[in-house]
Amino acid sequence: MSNLTASDLIDSLKKKIQKYSEAQVEASFIGKVVKIADGVVSISGLKDIAYNEMVEFENGVQGLAINLEENTIGAIVLGEYLEIKEGFKVRGLKKLLSVGVGEGLIGRVVDPLGNPEDGKGAIKFKKYNPLEKIAPGVVARQSVNTPLQTGLKAIDAMIPIGRGQRELIIGDRAVGKTSIAIDTIINQKNENVICIYVAIGQKASRIAQIVATLEKYQAMSHTIIVTANAADSAALQYLAPYAGCAIGEYFMDEGKDALIVYDDLSKHAWAYRQISIILKRPSGREAYPGDIFYLHSKLLERSCRLNKEHGGGSLTALPIIETQAGDISAYIPTNVISITDGQIFLESDLFYAGIRPAINVGISVSRVGGSAQIKATKQVAGTLRLDLAQYRNLAAFAQFSSDLDAVTKKQIERGSRMVELLKQKLNSPMPVVEQIVVIFAGTAGFLDDIPIGKISEFETRYLEYMKLEHAKLLKTIEKEQKLSDETIEKLKKAITEFKKTF
Ligand code: ATP
Ligand code: MG
């Protein structure tokens, strides 16, 4: 008897709840699209919507609220925006946008929403991470103390990058910015670093080329590509870096080391400017909305090195910025320069003079990476910076005088050889031990009597010789991470021996 009453009660309760939730669904579809342009919509009538909350249109397509005003909200459409019409109903979803993360993404090319772009089928996600996240606080962080080897002699020796650091790559069009990032990714093959390459507003053909290069050097097995192409909506281009960062954070939180490349943040700023102009937000310098600085600093702040208590993972960021005619005082370049821990400046003059990578060593810096450099590199590269600095000054000066004293001449000779030695072919990152013995040969003066035109050949054959005849010595350097007096003597002897055969 009492049982019956209970089930009756439950039944009536269920009915009541059903009624209530039906009413809820109806009531929540209260917004209306009032304007739509280029994937950006204005919605009226939606109340209680939070910044970055997801919304759903009546045809099931989703959007993201990014602009809140008194009577309307601005949202970007995540998907087919051409199907959305004025007058469509909209409701808030009470959740933030998130992207699928996990090991399943490794080796894949995805769009900023995690949809595969490589035709290799569905991806298994471990979990979902929010695109926007507050960066770890200082308490969770640890200072940078492990190098991130780029495999590029000029960078590892003079502008070293540490794991968890944010180093900007900046330069004009087509000076090798992307190439530096790609070579760094290739070099992580044996370094146990998961790489995320975020392509923003690039041509699809260029992405295909990058994927092919990474595959050729077996680098896709530790790499994820997140891409929003030039043909994609500004909304997707705007979201791409956050999606990449959320994916990178997954690996950092797992205690792993990850590297993220944002190629490039200039195009990201353009996409955001485009969205903001459609939304009629007040624009500031160079027509960018006032919060673009906040946007980029918030993004880059998420890269860091976590301390032991938080798993010890790291996320290193290599943002890329394109300048116009070398103007680094434009709005976006100055912003990002001030946010990052250093910059690698690339110059077209150097690039066209055949100095590639076209790094201007004089004005490139790494503010924290030095503490992460291994001792052996410091030992050989300490004098390298000095040699090059003196060389630059003297070379400029020497243009005006014909009779140079012997010392000056010698310094110029040395400097021009070091410049030659630091050139590096595309897609051929060099292990740190090889870098050390190569740079040692230069700074210790063993190249002074080698004609400049023969330096590159010398380098190749010298390395072959060392690997063949002195493998043990290379192993010692790798193990000790420094050059003891004994090692230095052995190195000198080996180079002298080799030079007899050159
Ligand atoms: P964009 O502004 O178009 O993005 P970018 O600055 O990223 O250009 P890359 O695409 O990396 O430049 O390189 C431009 C060209 O220079 C490419 O064709 C590349 O092959 C060549 N290049 C880059 N680095 C080197 C190098 N170290 N040695 C020889 N060629 C190089
Ligand atoms: Mg590029």
Side-chain angles (χ1 to χ4, degrees), residues 109 149-159 167-187 195-217 219 223 225-231 237 240-241 244 259-271 317-328 330 332-333 336-337 343-361 364 418-430 434-435 438 455-457 459-460:
V109 182
Q149 304 287 357
T150 63
L152 294 161
K153 285 173 282 187
I155 297 178
D156 290 345
M158 292 181 293
I159 322 158
E167 181 82 10
L168 170 66
I169 301 173
I170 183 167
D172 280 1
R173 271 210 61 237
V175 288
K177 302 184 295 298
T178 302
S179 301
I180 286 187
I182 296 300
D183 284 355
T184 304
I185 291 177
I186 293 174
N187 196 48
C195 302
I196 300 128
Y197 177 80
V198 181
I200 308 157
Q202 298 191 42
K203 282 197 202 117
S205 60
R206 179 78 178 116
I207 310 296
Q209 212 181 352
I210 287 170
V211 174
T213 305
L214 291 174
E215 267 167 1
K216 185 173 160 199
Y217 294 95
T223 304
I225 295 185
V226 179
T227 172
N229 300 341
Q237 293 183 35
L259 164 75
I260 186 160
V261 176
Y262 301 110
D263 195 359
D264 59 59
L265 288 186
S266 306
K267 293 198 187 74
H268 179 244
W270 294 350
L318 293 179
I320 296 179
I321 288 281
E322 181 185 309
T323 52
Q324 313 291 329
D327 181 13
I328 55 167
I332 302 299
V336 184
I337 285 172
Q343 347 13 94
I344 297 168
F345 281 102
L346 302 179
E347 278 184 1
S348 8
D349 289 354
L350 296 174
F351 189 83
Y352 294 118
I355 300 172
R356 299 175 189 181
I359 301 170
N360 180 330
V361 179
S364 296
M418 292 315 302
V419 168
E420 199 61 32
L421 195 64
L422 289 175
K423 287 184 184 172
Q424 200 160 337
K425 284 202 190 78
L426 207 58
N427 308 137
S428 43
M430 191 184 275
E434 291 179 24
Q435 291 186 26
V438 163
I455 300 272
S456 155
E457 187 192 336
E459 182 189 5
T460 318

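Counting starts at 1 for both ligands and their atoms, following the listed order. Positions are given from 1 along the sequence.
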Query raised in the report: Should the proximity of R206 to ligand 1, defined as any heavy atom under 4.0 Å, be assigned to the side chain, the backbone, both, or neither?
Result: side chain
Requested in this report: Specify whether the nearest protein heavy atom to atom 23 (C) of ligand 1 is under 4.0 angstrom away.
Outcome: yes
**Report entry** Option from K425, Q149, K153 for which side-chain contact (heavy atoms from CB on, under 4.5 Å) with M430 holds
**Finding:** K153
Requested in this report: Look only at interatomic distance and state if G176 has a nitrogen or oxygen under 3.5 Å from any nitrogen or oxygen of ligand 1.
Outcome: yes
Query raised in the report: Where's the contact between Q424 and ligand 1, heavy-atom distance under 4.0 Å: side chain, backbone, both or neither?
Result: backbone
Query raised in the report: With a 4.0 Å cut-off on heavy atoms, is G171 touching ligand 1?
Result: no
Requested in this report: Supply the atom-to-atom distance Y197 OH to I182 CD1, rounded to the nearest 0.5 angstrom.
Outcome: 5.0 Å
Query raised in the report: From Q202, does some N, O or S atom reach closer than 2.8 Å to the Mg ion (ligand 2)?
Result: no
Report summary line: In this structure, atom 15 (C) of ligand 1 is nearest to the protein heavy atom F351 CZ, 4.1 Å
Report summary line: for atom 4 (O) of ligand 1, nearest protein heavy atom and its distance come out as T178 OG1, 3.9 Å
Report summary line: CD1 (I344) and CG (L346) are apart, to the nearest 0.5 Å, by 7.5 Å
Query raised in the report: Quick check: does any side chain N or O of D264 sit under 3.5 Å from a backbone N or O of S266, one acting as donor and the other as acceptor?
Result: yes
Requested in this report: Using atom types as modelled and distance alone, determine if a side-chain donor or acceptor of D183 lies under 3.5 Å from a backbone N or O of N427.
Outcome: yes
Query - Polar contact flag for K177 and ligand 1 (N/O pairs, less than 3.5 Å) - result: yes
